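To start, the structure under review is shown below, and the notes come after it.
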Amino acid sequence: MTSQTLREARKYEEASEKFIKKDERPDFHLSVRTGWLNDPNGFSYYKGKYHMFYQYHPYESKWGPMHWGHAISDDLLHWEYLPAALAPDEAYDRDGCFSGSAVALPDGRQLLMYTGVLKEHQANGTYCEVQTQCIAVGDGTDYEKYVQNPVISEKDLPEGASRFDFRDPKIWQKEDGTYCCVIGSRPADGSGQILLYTSPDGFEWKFKNILFSNNNRFGKMWECPDLFKLDGKWVLLTSPQDMLPKGLEYHNGNGTLCLIGEFDEEKGVFKEEHNQTVDYGIDFYAPQTILTPDGRRVMIGWMQNWDTCNMRSAEEKWFGQMSLPRELFIKNGRLYQKPLKELEQKRCNKVVHKNRTFSGEITLEGIKGRRIDLELNIRPANGQNLYQKFAVRFAKNDKYHTSLSFRPWESVLKVDRKFSGSRRAIIHQRRCLADTRDKELKLRIILDRFSAEIFVNDGEQVLSVTMYTEQAADGISFFTDGSVEIDVVKYDLLAN
Ligand code: FRU
């Protein structure tokens with residue numbers, strides 16, 4: 001039975017999505033149906049379709065009581081909206097259905113596992129949010145909350161773990177048919193940890209172990225964990241709050257952390273061998289992954305970040321989109337990301353400029369656009385000294401541009417969205433170290449109207465930013481203060 005709260009949300013979204021024109025949205029990134037979107041939830045493959053749910057406040061383009069929005073896709077690039085899946089309508093989730101995940105049950109139904117939030121009045125007069133793990137089961141469109149919710153609560157926490165910071169279950173089924181989930185938690189030291197739970201059937205859960213403890217190394221509370229096997233290793237992704245910077249690897253505030261190592265399934269312990277940032281840009285947080293039917297591990301994140309949230313004005317009908325689906329792999333002990341290979345099928349109108357030597361600022365015939373896939377190789381011009389700086393400016397007209405610049409002497413790559421339409425006094429630049437061992441920097445820049453995702457050196461690093469400039473700002477220029485030789489290949493990305 002659908003509740004009144006869910007019925008109202010469904011009615012509202014159907015009516016108000018009509019006010020958003022197709023060309024006011026990204027083309028091949030999932031954006032919110034109406035209102036506000038944050039984390040991807042329940043990213044899964046079910047009954048022959050990809051499903052993506054998301055943290056959703058349909059009524060305003062800002063965060064509010066969390067529902068779950070819902071969309072399906074055949075190729076992860078074109079999405080069709082389905083009615084909202086969950087609303088905060090029960091005693092245990094009255095103040096929000098927070099992030100969670102999805103899995104198919106052996107009987108053909110789909111199980112959603114999410115965090116129920118309930119504000120509790122404290123003795124000192126304040127309110128705290130009690131967070132418990134809940135379940136809903138459905139057919140891919142309609143979901144029924146489990147009568148015995150919550151299925152994991154305070155009594156299932158290890159000693160010292162907070163009942164106010166306990167959220168974002170990521171569930172998976174093991175080969176033997178039983179289930180596991182990882183959940184973000186705050187231990188007594190105030191930092192973060194990931195808890196591991198097991199279940200024979202997805203409904204009855206038991207605490208297994210503290211999978212991994214932050215010990216205040218990477219920020220404090222850890223949100224939105226994901227654990228999976230990749231290229232013979234185990235990968236633990238999580239999004240820490242309150243990070244301190246470390247060189248150019250980790251920046252202040254919210255971030256996304258990747259730990260690569262081993263997972264002892266018997267003991268329920270993760271052992272770290274390597275750590276790195278997942279996205280070195282500004283707008284990325286809380287990703288989730290799936291295994292596609294053909295065996296690829298694909299990740300999608302929220303293309304925003306709490307600390308640098310590039311809020312739009314209240315009149316805008318939508319706020320929030322996902323990142324591109326990115327294929328993950330491990331190379332030289334690092335996490336690499338590649339745009340989903342199906343994106344290549346959307347390429348058309350190829351324009352090539354090979355071995356172009358220049359200094360100063362130039363534009364190139366046929367190189368422009370706001371829905372493009374742009375490949376650049378940059379190297380010092382033959383026999384010349386290393387240049388000081390190279391920059392590509394895109395989404396550009398007289399008033400606006402977004403830029404990416406590289407200083408080879410310091411190996412510093414910087415993305416800058418200061419002139420990208422933001423009206424907020426927030427961070428607009430971010431730097432990372434880019435390796436140019438082979439004396440050549442390789443970039444692939446993907447634009448989809450309101451965003452840029454930059455893949456560096458075949459996916460060794462990725463930087464994501466949003467931009468809200470007019471679509472007529474579609475110019476691209478190249479700049480160097482030395483002399484460089486570049487290869488440029490540009491494709492337009494077809495709408496359908
Ligand atoms: C992360 C997060 C989650 C929570 C959700 C609430 O972005 O804070 O921890 O479940 O957003 O919308």
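Worth saying up front: this structure is predicted, and the values here are computed from it rather than measured.
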- Query: How are the rings of Tyr46 and His51 set to each other: parallel, tilted or perpendicular (split at 30° and 60°)?
  - Reply: perpendicular
- Query: Lys418 side chain to Gln429 main-chain N or O, any donor-acceptor pair under 3.5 Å?
  - Reply: no
- What pair of heavy atoms forms the shortest contact from Pro240 to Gly219, and how long is it? CB-CA, 4.5 Å
- Task: Give a yes or no on whether the ring-centroid distance for Phe98 and Tyr114 is below 6.0 angstrom.
- Result: no
- Between the side chain of Gln276 and the main-chain N/O of Leu259, is any donor-acceptor distance below 3.5 Å? no
- Query: Can Lys354 and Glu485 be counted as an ion pair, charged N to O under 4.0 angstrom?
  - Reply: no
- Candidate list Gln337, Arg444, Lys338, test side chain to side chain contact (heavy atoms under 4.5 Å, CB included), partner Val462, passing option: Gln337
- So among Tyr56, Tyr59, Phe19, which one has a ring pair (Phe, Tyr, Trp, His ring centres under 6.0 Å) with Tyr12? Tyr59
- Query: Heavy atoms, side chains only, cut-off 4.5 Å: are Tyr45 and Leu291 in contact?
  - Reply: no
- Nearest 0.5 Å, what's the CG-CD1 distance between Leu230 and Ile330? 4.5 Å
- Message: Using a strict threshold of under 4.0 Å (side-chain N to carboxylate O), is an ion pair present between Glu24 and Lys21?
- Response: yes
- Basic-acidic side-chain contact under 4.0 Å: Asp226, Lys170: yes
- Message: Just to verify, which of Asp474, Thr469, Asp448 counts as forming a side-chain hydrogen bond (donor to acceptor under 3.5 Å, both in side chains) with Arg370?
- Response: Thr469
- Query: Do any N or O atoms from the side chain of Thr292 and from the backbone of Arg296 form a donor-acceptor pair under 3.5 angstrom?
  - Reply: yes
- Less than 6.0 Å separating the ring centroids of Phe270 and Phe263? no
- Query: Would you say the side-chain atoms of Thr277 and Asp279 include a donor-acceptor pair closer than 3.5 Å?
  - Reply: no
- Query: Given the rule in the side chain to side chain contact (heavy atoms under 4.5 Å, CB included) test, do Gln110 and Ser44 qualify, once you have shown the distances and angles that lead to the verdict?
  - Reply: CA-CA 10 Å; Gln110 190 180 35; Ser44 52; 3.1 Å; yes
- Do you see a donor-acceptor pair shorter than 3.5 Å between the side chains of Gln461 and Asp435? no
- Query: What orientation do Phe53 and His70 show, parallel under 30°, tilted 30 to 60°, or perpendicular over 60°?
  - Reply: parallel
- Query: Does the Gln288 side chain pair with the main chain of Gly42, one donor and one acceptor, at a distance under 3.5 Å?
  - Reply: yes
- Query: When you measure from the side chain of His353 to the backbone N and O of Val351, does any donor-acceptor pair fall under 3.5 Å?
  - Reply: no
- Message: A side-chain contact here means heavy atoms from C-beta on lying under 4.5 Å apart; do Asp416 and Ser405 qualify?
- Response: no
- Salt-bridge present (Glu460, Lys442; N to O < 4.0 Å): no
- Cation-pi check, Arg430 onto Tyr280 ring (under 6.0 Å, within 45° of axis): no
- Report yes or no: does Glu13 contribute a side-chain atom to a donor-acceptor pair with the main-chain N or O of Ala84 at less than 3.5 Å? yes
- Side-chain touch Leu324/Leu76, heavy atoms, less than 4.5 angstrom: no
- Query: Step by step, would you call Arg297 with Thr289 a side chain to side chain donor-acceptor pair (under 3.5 Å)?
  - Reply: CA-CA 7 Å; Arg297 180 59 62 174; Thr289 70; 3.0 Å; yes
- So, are Glu262 and Lys271 salt-bridged, with charged N and O less than 4.0 Å apart? no
- Give a yes or no answer on whether the side chain of Gln241 reaches the backbone of Gly255 with a donor-acceptor pair at less than 3.5 Å. no
- Message: Is any side-chain heavy atom of Glu453 closer than 4.5 Å to one of Pro339?
- Response: no
- Message: Looking at every non-hydrogen atom in both residues, tell me the closest pair between Ala434 and Leu413 and how far apart they are.
- Response: CB-CB, 4.1 Å
- Note on the structure: In short, Ser31 meets Tyr81 closest at the heavy-atom pair O-OH, 2.6 Å
- Task: Mind listing the closest non-hydrogen atom pair of Ser359 and Gly482 along with its distance?
- Result: CB-O, 2.9 Å
- Donor-acceptor contact present, side-chain Ser239 to main-chain Thr256, <3.5 Å: no
- Message: Quick check: do Val392 and Ile476 have side-chain heavy atoms less than 4.5 Å from each other?
- Response: yes
- Query: To the nearest 0.5 Å, how far apart are CZ in Arg33 and CD in Glu80?
  - Reply: 9.5 Å
- Below 4.5 Å, heavy atoms only, C-beta onward: do Leu433 and Val412 meet side chain to side chain? yes
- Partners of Asp283 by side-chain hydrogen bond (donor to acceptor under 3.5 Å, both in side chains), sequence neighbours excluded? Arg417, Thr466
- Message: Quick one, Gln55 with Asn41, criterion side chain to side chain contact (heavy atoms under 4.5 Å, CB included). Give me CA distance, side-chain angles, the key distance, then yes/no.
- Response: CA-CA 7 Å; Gln55 288 288 279; Asn41 293 160; 2.8 Å; yes
- Query: Does the side chain to side chain donor-acceptor pair (under 3.5 Å) test come out yes or no for Thr402 and Ser420, once each step is laid out?
  - Reply: CA-CA 6 Å; Thr402 307; Ser420 311; 2.8 Å; yes
- Item | Ring centres under 6.0 angstrom apart (Phe450, Trp318) | yes
- Closest non-hydrogen atom pair between His274 and Gly333, with its separation: CD2-O, 3.3 Å
- From Arg217 CZ over to Asn275 CG, what is the distance, rounded to the nearest 0.5 angstrom? 6.0 Å
- Look at the side chain of Ser323 and the backbone N and O of Gly301, then say whether any donor-acceptor pair between them is shorter than 3.5 Å. yes
- Query: Can you check side chain to side chain contact (heavy atoms under 4.5 Å, CB included) on Cys97 and Thr115, steps first, answer last?
  - Reply: CA-CA 6 Å; Cys97 299; Thr115 299; over 6 Å; no
- With side chains defined as the heavy atoms from C-beta onward, is the minimum distance between Trp306 and Asn38 less than 4.5 Å? yes
- Inspect the contact between Arg449 and Asp27 and indicate whether a charged nitrogen and a carboxylate oxygen are less than 4.0 angstrom apart. yes
- Task: Mind checking side-chain hydrogen bond (donor to acceptor under 3.5 Å, both in side chains) for Asn254 and listing every partner two or more places apart, or none if nothing turns up?
- Result: Tyr285
- Query: Quick one: CD1 on Ile446 to CG on Leu493, what's the gap to the nearest 0.5 Å?
  - Reply: 7.0 Å
- Validation row, ring centre Phe329 to ring centre Tyr336 under 6.0 Å: yes
- Query: Which value, rounded to the nearest 0.5 Å, describes the distance between Phe390 atom CZ and Phe406 atom CZ?
  - Reply: 10.5 Å
- Query: Between the side chain of Ser101 and the main-chain N/O of Pro169, is any donor-acceptor distance below 3.5 Å?
  - Reply: yes
- Item | Trp222 and Phe212 aromatic ring geometry - parallel, tilted or perpendicular at 30°/60° bounds | parallel
- Item | Under-4.0 Å salt bridge between Arg167 and Glu223 | yes
- Point-to-point distance, once rounded to the nearest 0.5 Å, from CG of Leu404 to CG of Leu443: 5.5 Å
- Taking 4.0 angstrom as the limit, do Asp492 and Arg371 come out as a salt bridge? no
